[in-house]
2 protein chains.
Amino acid sequence: MDAIHYTAALVRKLESIATLTAEEKAALLRLPLRLKTVAARQDIVREGETSSECCLLVEGFACRYSLTAEGKRQILSFHISGDILDLQTLHLETMDHSLATLVPSILAFIQPDDLRTLMLSHPNLGDLLWRDTLIDAAVFRQWMVGLGRRNAYGRIAHVLCELLVRLRAVELVEDHAFTLPVTQAELGDAFGLSTVHVNRVLQDLRGDGLITLHGGSLKVLNWQGLKKAGEFDPTYLHLVKKEAL
Amino acid sequence: MDAIHYTAALVRKLESIATLTAEEKAALLRLPLRLKTVAARQDIVREGETSSECCLLVEGFACRYSLTAEGKRQILSFHISGDILDLQTLHLETMDHSLATLVPSILAFIQPDDLRTLMLSHPNLGDLLWRDTLIDAAVFRQWMVGLGRRNAYGRIAHVLCELLVRLRAVELVEDHAFTLPVTQAELGDAFGLSTVHVNRVLQDLRGDGLITLHGGSLKVLNWQGLKKAGEFDPTYLHLVKKEAL
DNA sequence: CGCGAGTTTGAAGGAAATCAATATCCGTGG
DNA sequence: CCACGGATATTGATTTCCTTCAAACTCGCG
């Protein structure tokens with residue numbers, strides 16, 4: 001990340017879901033931030049806590065998760081550069097789930113009051129943040145469809161599509177390839193699958209010539225095929241620029 | 001529903017998640033409404049449509065759902081009296097899922113502009129509506145945990161707990177009993193289960209003395225047991241009055 | 001080189017789906 | 001008031017997808 005403006009990631013992300021005026025961009029860039037670098041696999045906020053700041057993921061990869069009584073983990077969403085992780089602290093007191101980094105990341109904490117001031121002076125930005133939380137909810141719903149009604153192959157294909165489109169919207173995709181810094185165990189936690197089965201499904205996806213995946217880098221070889229396998233329709237992401245898909 | 005104020009259901013619901021001033025209540029009750037009665041199992045809005053009004057469920061039962069390519073349905077949430085069904089039309093253009101009634105219902109349509117005017121004059125109500133959409137998202141997340149990490153028995157137990165608590169918050173529960181106007185097929189669509197399996201799980205729940213269910217009426221016999229079976233913790237509903245649970 | 005996290009493979013077991021049939025409920029009209 | 005018909009619920013038998021357990025393998029790294 002170039003050093004100039006850490007909120008640039010946020011601007012770029014918000015521009016992917018709406019159009020900003022120059023003044024709005026400037027106001028976003030003026031937001032006071034408290035920066036923090038965090039190692040991989042560290043909790044950012046934990047279920048039950050009352051977090052007093054909103055957290056912007058400037059660079060890195062994070063996830064939202066919840067633990068069941070037996071200690072099983074369900075990952076609820078993945079987050080990328082520019083995502084505001086806990087906008088909900090603006091309106092809800094206690095966290096009903098946890099947030100954690102997946103790789104070493106740069107976080108920027110924003111005072112809720114600064115955000116409120118910003119929204120008062122720029123109502124459109126307030127609407128835009130609300131829009132962003134609604135899109136998050138749409139992503140949850142789409143995952144629910146996968147968990148409830150798609151088999152493992154379709155579920156994994158679907159999220160890979162989702163990640164490709166979201167990452168491309170913030171210009172983190174090059175030549176249909178992106179970094180997926182997630183272990184197979186974590187993929188399993190995200191889709192309610194065992195590590196073993198995730199592994200087998202990934203092999204199928206490779207065998208069917210849809211993707212390659214090694215180290216943390218994923219490349220989509222057959223975008224049409226992957227979309228079809230995951231029944232992926234990007235409408236729910238409500239991006240302004242429709243992708244050439 | 002007593003005829004006086006159809007928005008009373010909304011006031012009661014919002015009061016379950018926050019405290020309202022007298023003036024705020026009055027402003028809500030002044031909202032212009034277009035009323036409509038709808039038969040059971042009718043779509044209210046369909047995926048892909050652009051809905052131009054916000055829909056308040058005054059009385060009845062509704063659900064949110066999505067269809068996969070093979071025609072499988074995933075129910076995403078259940079809605080009860082007082083719920084605003086598509087607040088998202090305020091900020092998102094196209095519906096990424098559908099809404100339907102489950103029983104004959106009374107709907108009240110509100111013009112987004114009326115809502116916007118209301119929020120301008122009463123910023124707290126705007127915050128409150130935002131809070132409501134955040135709570136909806138929390139409910140989605142909780143269902144995801146169920147779909148991904150709980151077995152059929154736990155999933156069903158969990159939603160029954162959720163419905164009891166939500167219905168009690170709007171005073172629709174008497175003596176641990178409420179109407180659950182949902183077929184076993186619909187429960188299956190909600191939890192990613194087959195009708196057959198839902199049936200077997202319900203028998204287990206009955207056999208374990210946790211509930212009775214006949215016709216559309218459900219009674220919780222053993223609340224502690226049901227909560228335990230569903231690992232239910234009502235925190236995520238963010239209700240103001242904590243229940244005596 | 002050797003260690004450990006992550007990945008891969010094999011075999012066996014289980015939760016839930018599917019298929020198929022029967023039973024029950026409930027509203028409607030005779 | 002009862003008989004009928006369609007929707008819903010129940011039951012049994014079989015199959016499938018995925019889990020669990022256990023072990024071996026690979027790769028990056030100190």
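Small disclaimer: the values here were computed from a predicted structure and weren't measured. Below, chain A is the first sequence line, B the second, and so on; all start at residue 1.
Between A/Asn199 and C/dT7, a side-chain N or O to OP1/OP2 separation shorter than 4.0 Å is absent. A close approach under 4.0 Å does not occur between any side-chain nitrogen or oxygen of B/Arg150 and OP1 or OP2 of C/dA16. Between A/Gln203 and the phosphate of C/dT9, there is a side-chain N or O to OP1/OP2 separation shorter than 4.0 Å.
Residue A/Arg206 is classed as a sugar-phosphate contact, given heavy-atom separations below 4.0 Å to backbone atoms only. Across all strands shown, A/Gly192 has heavy atoms under 4.0 Å from sugar-phosphate atoms exclusively, and none from any base. The residue A/Leu193 sits close only to the backbone: its heavy atoms come under 4.0 Å of sugar-phosphate atoms, none of a base.
Judged by distance alone, the side chains of A/Tyr236 and A/Glu162 do bring a donor and an acceptor atom under 3.5 Å apart. For the residue pair B/Ser77 / B/Arg64, a side-chain donor-acceptor distance below 3.5 Å is found, with atom types taken as modelled.
Both A/Leu213 and A/Arg149 lie near DNA chain C, and the one whose nearest nucleotide falls closer to the 5' end is A/Leu213.
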**OP:** Please test B/Leu237 against B/Arg166 for side chain to side chain contact (heavy atoms under 4.5 Å, CB included), starting from the C-alpha separation and ending with a verdict.
**Re:** CA-CA 8 Å; B/Leu237 293 170; B/Arg166 286 172 57 199; 4.0 Å; yes
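Between A/Tyr153 atom OH and D/dT16 atom C1' the separation is 18 Å, expressed in whole Å. Note: CG (B/Leu180) to C1' (D/dT8) measures 14 Å, nearest angstrom. As a whole-Å value, the separation of A/His214 NE2 from C/dG6 P is 18 Å. Straight-line distance from the CD atom of B/Glu70 to the P atom of C/dT18: 11 Å, rounded to whole Å. Nucleotide C/dA16 holds its C1' atom 14 Å from the CG atom of B/Leu147, rounded to whole Å. Summarising the geometry, the separation between CG on B/Leu205 and P on D/dA9 is reported as 15 Å, rounded to the nearest angstrom. In this structure, NE2 of B/His197 is placed 14 Å from P of D/dT10, rounded to the nearest angstrom. The CG-P distance, from B/Leu187 to C/dA17, rounds to 13 Å in whole Å.
The closest side-chain heavy-atom distance from B/His97 to B/Gln88 is below 4.5 Å.
Distances from the side chain of A/Val196 to the nucleotides C/dC19, D/dC18, D/dC21 place D/dC21 closest. You'll find that the side chain of B/Gln184 is closest to D/dA9, out of C/dA17, D/dA9, C/dA15. Nearest nucleotide to the A/Arg41 side chain, out of C/dA16, D/dT10, C/dG6: C/dG6. Here the side chain of B/Arg200 is nearest to one of C/dA16, C/dT7, D/dT11, namely D/dT11. Of the candidates D/dT8, D/dC18, C/dT8, the closest approach to any side-chain atom of A/Arg155 belongs to D/dC18. Taking the side chain of B/Ser194 as heavy atoms from C-beta on, and the options C/dT18, C/dT8, D/dT20, the nearest nucleotide is C/dT18.
The backbone N or O of B/Leu10 sits nowhere less than 3.5 Å from a side-chain atom of B/Thr7 that would complete a donor-acceptor pair.
Between A/Trp143 and B/Phe140, the gap from one ring centroid to the other reaches at least 6.0 Å.
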